[in-house]
Amino acid sequence: MIRVTGLTKEYMMGKVKVPALKGIDLEIPKGQFVAVMGPSGSGKSTLMNILGCLDRPTSGSYFLDGTDVSKKSDNELAELRNRFIGFIFQTFNLLARTDAVTNVELPLIYRGMAPEERRKRAKEALEAVGLGNRIHHRPNEMSGGEQQRVAIARALVGDPKIILADEPTGNLDSRSGEEVMAIFQELHEKGITLVLVTHDADIARHAERIVFIRDGRIVSDEMVRDRLFAREVLAEMPLDEASAD
Ligand SMILES: Nc1ncnc2c1ncn2[C@@H]1O[C@H](COP(=O)(O)OP(=O)(O)OP(=O)(O)O)[C@@H](O)[C@H]1O
Ligand SMILES: [Mg+2]
């Protein structure tokens with residue numbers, strides 16, 4: 001599904017080159033759930049942005065489902081991204097003045113889908129993340145966990161093959177974070193490929209595989225032996241740790 005070889009990325013700061021990735025080789029088979037860990041500044045977000053076709057590498061190759069991404073124009077990349085990839089960020093990135101269902105519809109608007117069809121799909125996506133009763137709330141009328149679930153619904157509404165999530169639980173309390181992981185594990189069971197960046201070792205243990213990056217290089221890559229399952233963790237969690245929702 002994802003195959004990168006010899007991937008490098010240098011940012012230019014004025015005349016100074018900042019090397020962010022120094023030769024990443026990584027293969028992620030279809031349907032795998034991978035966590036990426038590493039210190040701040042090690043290149044995790046840089047890698048995610050390249051995997052998500054939001055940015056291009058300085059050198060190296062990236063094949064996405066057999067397609068050589070470097071051969072694509074910017075417009076073709078935008079199209080590929082819209083059809084193939086769902087993004088989730090630490091800060092949710094929702095439109096502030098816009099209600100949940102309209103936020104979720106956005107990717108479908110870019111696709112030119114008819115209004116009735118896209119509203120129907122947006123409602124279904126919100127129901128799938130347990131927010132069928134919040135569709136007309138705006139972001140400031142929802143808890144952090146709910147906002148992140150809206151962002152997940154927006155990432156899912158276009159039926160992506162890959163979900164890329166950069167610190168999706170970073171701003172959430174432990175229960176809301178665990179609920180996000182429960183959704184990710186359900187998506188994994190449905191065969192979606194997931195790549196998740198996290199600083200939290202317990203969050204990473206929900207994945208099948210953990211890749212560690214340090215200073216722009218992969219320094220370890222292992223399958224998780226004692227996986228955590230969010231449904232089990234949630235069942236054990238005392239209720240007084242519940243989030244404001
Ligand atoms: N747009 C940019 N211009 C210049 N340098 C950048 C840019 N984005 C990132 N960098 C640099 O590239 C390196 C990798 O940054 P990146 O954001 O990928 O780290 P990260 O692993 O995601 O860190 P964090 O855990 O703090 O989010 C850092 O040294 C950073 O300062
Ligand atoms: Mg980052």
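Whatever order the structure lists them in is the order used to number ligands and atoms, beginning at 1.
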Can you list everything that forms a side-chain contact (heavy atoms from CB on, under 4.5 Å) with R118? Sequence neighbours excluded, please.
E105, L108, I109, M113, P115
How close do K44 and G38 get, heavy atom to heavy atom, and via which atoms?
NZ-O, 2.9 Å
Could you check if a side-chain atom of V150 sits within less than 4.5 angstrom of a side-chain atom of P139, using non-hydrogen atoms only?
no
Is any side-chain heavy atom of S176 closer than 4.5 Å to one of Q148?
no
Heteroatom count (protein N, O or S) under 2.8 Å of the Mg ion (ligand 2):
1
Check ligand 1 against the protein and report each N/O to N/O distance under 3.5 Å, formatted as atom name, atom name, distance.
| from | atom 1 | to | atom 2 | distance (Å) |
| --- | --- | --- | --- | --- |
| ligand 1 | 18 (O) | S45 | N | 3.4 |
| ligand 1 | 18 (O) | T46 | N | 2.9 |
| ligand 1 | 18 (O) | T46 | OG1 | 2.6 |
| ligand 1 | 19 (O) | G43 | N | 3.4 |
| ligand 1 | 21 (O) | S42 | N | 3.2 |
| ligand 1 | 21 (O) | S42 | OG | 3.4 |
| ligand 1 | 21 (O) | G43 | N | 3.0 |
| ligand 1 | 21 (O) | K44 | N | 2.9 |
| ligand 1 | 21 (O) | K44 | NZ | 2.8 |
| ligand 1 | 22 (O) | S45 | N | 2.9 |
| ligand 1 | 22 (O) | S45 | OG | 2.9 |
| ligand 1 | 23 (O) | G41 | N | 2.8 |
| ligand 1 | 25 (O) | K44 | NZ | 2.7 |
| ligand 1 | 25 (O) | H199 | NE2 | 3.2 |
| ligand 1 | 26 (O) | S40 | OG | 2.5 |

Give, for atom CZ of R138 and atom CZ of R97, the distance between the pair rounded to the nearest 0.5 Å.
8.5 Å
Assess whether atom CD of E117 is packed by more than 12 heavy atoms of other residues, nucleotides or ligands within 6.0 Å.
yes
Of all pairs that satisfy salt bridge (Lys or Arg N to Asp or Glu O under 4.0 Å), the ones with a partner from residues 5-32, not counting sequence neighbours
K9-D55, K22-D215
So, taking the atom named CZ in R175 and the one named CD in E178, what distance separates them when rounded to the nearest 0.5 Å?
9.0 Å
Note: F33 and R227 closest approach over all heavy atoms is CD2-NH2, 4.1 Å
